[in-house]
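To start, the structure under review is shown below, and the notes come after it.
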2 protein chains.
Amino acid sequence: MTNSRRSEDKRSRLVAAATELVQRQGVQRTTLADIADTADVALGNVYYYFKTREDIVHAVIEHHEAEIDALLARLDERKSPKARLKGLAEQWSNSADMVAHDGCPLGGLNYELNKCHDGVTDHAQNLLGKLVAWAESQFRELGLRDPRGLAVHYIAGVEGAALLSNTFGDAPLMKAEVRRLERWIDDLA
Amino acid sequence: MTNSRRSEDKRSRLVAAATELVQRQGVQRTTLADIADTADVALGNVYYYFKTREDIVHAVIEHHEAEIDALLARLDERKSPKARLKGLAEQWSNSADMVAHDGCPLGGLNYELNKCHDGVTDHAQNLLGKLVAWAESQFRELGLRDPRGLAVHYIAGVEGAALLSNTFGDAPLMKAEVRRLERWIDDLA
DNA sequence: GTCTATATAGCGATAGAC
DNA sequence: GTCTATCGCTATATAGAC
């Protein structure tokens, strides 16, 4: 492997470590020493890949953004809008144990970043923003009234359930609420 | 006024300042210096009223808990369970501007405290826990199946909407989702 | 009870050798 | 590119005069 490839490997290891630690501990509680240690990179070397700590958070957001894009692209292959919408909620159902333990990665990130009003916040809202916009287009394709309101209701339901599931450490709660939302989708129109 | 009363006054000023700052900035970003300054108390004097920083967070939780108890007691005076339930959601609607700016105080507190697994977390879950338990009893009084599931759906809907409202800085979003949930209540059974 | 001054520790960031 | 050592700052918490 070339040097540049090995460098990219270290960079991606740092982003992966940061993403995992941020989900488990939150942004504020995750230190650069934590990240460097988890990624097996010397602390001082982190600054070769990221100028500031904020840049790492930025990279974590972009990492989530890429995963969302990939997920929505996969869901777009389904035939009906209802199948696509239900496929989205199933993501939280499938990772219910993780959600119960650490919360929804997107929700937690947004809740925390909403508290500091810098440039990172504006970027983070794209995560939930993309989900809402995508869901809105699905509801619109179904010819329903107020597709935006339906999309907000749907994503809010998932995210709120993730909060309760995490707060009570209750994974079945997450699965049950996804089932309820899927029934709601089925009965629409 | 006696000394003990003036002391209680200072203590309550500290709790009030902490509560406000925690809502606006989050637990982690709020320092003791912030709290002391806002409450007009000398930094070193804070430790006369609270042994550790964690004790202040504990007091903030208890402050919210007392407000929840008072709110639910007021709502219990309404005649029908549906009126009581809708009265709860209207709390978020009435404070939509605050929610859009700083998020739901309870949701934000829980999201943040769920990340650290100490004794404070166990106490914080009582906040959302009380809301869910109260809503469950209202749905049960209506004779509906799965009152617990309905309560989770309701509180999750409110909290999820608060997250989206805060993320997008969109107060009307909060109001609109409360209206949708109130219609859902009206159409039940 | 209240205040000032300070001990102590941890974290982001940098310097500089290799 | 990588590492060790360390600076500078901030935050919790304490000491001790008043």
Side-chain angles (χ1 to χ4, degrees), chain A residues 1-22 24-61 109 112-113 115-121, chain B residues 1-61 112-113 115-121:
Chain A
M1 290 296 146
T2 67
N3 277 345
S4 67
R5 257 196 92 75
R6 281 178 59 242
S7 295
E8 273 310 301
D9 187 49
K10 241 176 189 179
R11 201 197 119 100
S12 65
R13 256 160 54 209
L14 283 168
V15 175
T19 302
E20 185 194 334
L21 287 169
V22 161
R24 277 176 18 204
Q25 308 177 343
V27 175
Q28 299 277 340
R29 303 180 68 89
T30 298
T31 67
L32 291 180
D34 277 340
I35 297 170
D37 196 50
T38 303
D40 251 304
V41 174
L43 177 56
N45 198 15
V46 172
Y47 289 90
Y48 175 77
Y49 297 97
F50 300 96
K51 241 162 75 82
T52 66
R53 188 198 128 99
E54 195 174 298
D55 286 356
I56 301 188
V57 178
H58 199 270
V60 169
I61 294 172
L109 202 54
E112 204 167 350
L113 294 181
K115 295 297 183 187
C116 56
H117 297 103
D118 52 14
V120 183
T121 311
Chain B
M1 288 299 146
T2 68
N3 278 345
S4 65
R5 255 195 95 75
R6 282 179 57 241
S7 295
E8 273 310 301
D9 188 48
K10 241 177 190 178
R11 201 197 119 101
S12 65
R13 257 159 54 207
L14 284 167
V15 174
T19 302
E20 185 194 332
L21 288 169
V22 161
Q23 184 185 348
R24 278 176 17 206
Q25 309 177 343
V27 176
Q28 299 278 339
R29 303 179 68 89
T30 299
T31 67
L32 292 180
D34 276 340
I35 297 170
D37 195 52
T38 303
D40 252 306
V41 174
L43 177 56
N45 197 15
V46 173
Y47 289 90
Y48 175 77
Y49 296 96
F50 300 97
K51 241 163 75 84
T52 66
R53 186 196 129 98
E54 194 174 299
D55 286 355
I56 301 187
V57 177
H58 199 270
V60 169
I61 295 171
E112 204 168 349
L113 294 180
K115 296 296 183 188
C116 56
H117 297 104
D118 51 16
V120 183
T121 310

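Please read these numbers as outputs of a predicted model, since none were measured by experiment. Chain letters run A, B, ... following the sequence lines, proteins first, then strands; residues in each count from 1. Because only heavy atoms are used, hydrogens play no part in the values below, and waters and symmetry mates are left out as well, while side chains stay in.
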Atom-pair distance ([atom1] on [X]; [atom2] on [N]), nearest Å:
X: A:Arg53; N: C:dT14; atom1: CZ; atom2: P; result: 15 Å
X: A:Ile56; N: C:dC11; atom1: CD1; atom2: P; result: 14 Å
X: B:Phe50; N: D:dT14; atom1: CZ; atom2: C1'; result: 18 Å
X: B:Leu21; N: D:dA11; atom1: CG; atom2: C1'; result: 15 Å
X: A:Tyr48; N: C:dT14; atom1: OH; atom2: P; result: 16 Å
X: B:Glu8; N: C:dT2; atom1: CD; atom2: C1'; result: 16 Å
X: A:Tyr47; N: D:dC7; atom1: OH; atom2: P; result: 16 Å
X: B:Asp55; N: D:dA13; atom1: CG; atom2: P; result: 9 Å

(request) Only counting residues at least two apart or in another chain, list the ones meeting salt bridge (charged side-chain N to carboxylate O under 4.0 Å, His left out) with A:Arg24. (result) A:Glu20
(message) Please enumerate all residues that pass side chain to side chain donor-acceptor pair (under 3.5 Å) together with A:Asn45, with sequence neighbours excluded.
(response) none
(message) Keeping B:Gln28 on the side-chain end and A:Arg29 on the backbone end, is there a donor-acceptor pair under 3.5 Å?
(response) no
(request) Could you check which residues of residues 34-45 of chain B get a heavy atom under 4.0 Å from DNA chain D? Sort them by number, please. (result) B:Gly44
For residues 50-61 of chain A, run the donor-acceptor check on the side chains, cut-off 3.5 Å, and write out each pair with its distance to 0.1 Å, sequence neighbours left out.
residue, atom, partner, partner atom, Å
A:Thr52, OG1, A:Glu54, N, 3.4
A:Thr52, OG1, A:Asp55, N, 3.3
A:Thr52, OG1, A:Asp55, OD1, 3.4
A:Arg53, NH1, A:Thr30, O, 2.6
A:Arg53, NH2, A:Val27, O, 2.8
A:His58, NE2, A:His123, ND1, 3.3

(request) On DNA chain C, check which nucleotide each of A:Lys51 and A:Thr31 is closest to and give me the residue with the more 5' one. (result) A:Thr31
(request) Please identify each residue that fulfils side-chain contact (heavy atoms from CB on, under 4.5 Å) with B:Asp40, with sequence neighbours left out. (result) B:Arg13
(message) If the condition is side-chain contact (heavy atoms from CB on, under 4.5 Å), which residues does A:Ser12 pass it with, not counting sequence neighbours?
(response) A:Asp9
(request) Select one nucleotide: of C:dG1, D:dG1, C:dC3, the one nearest the side-chain heavy atoms of B:Lys10. (result) C:dC3
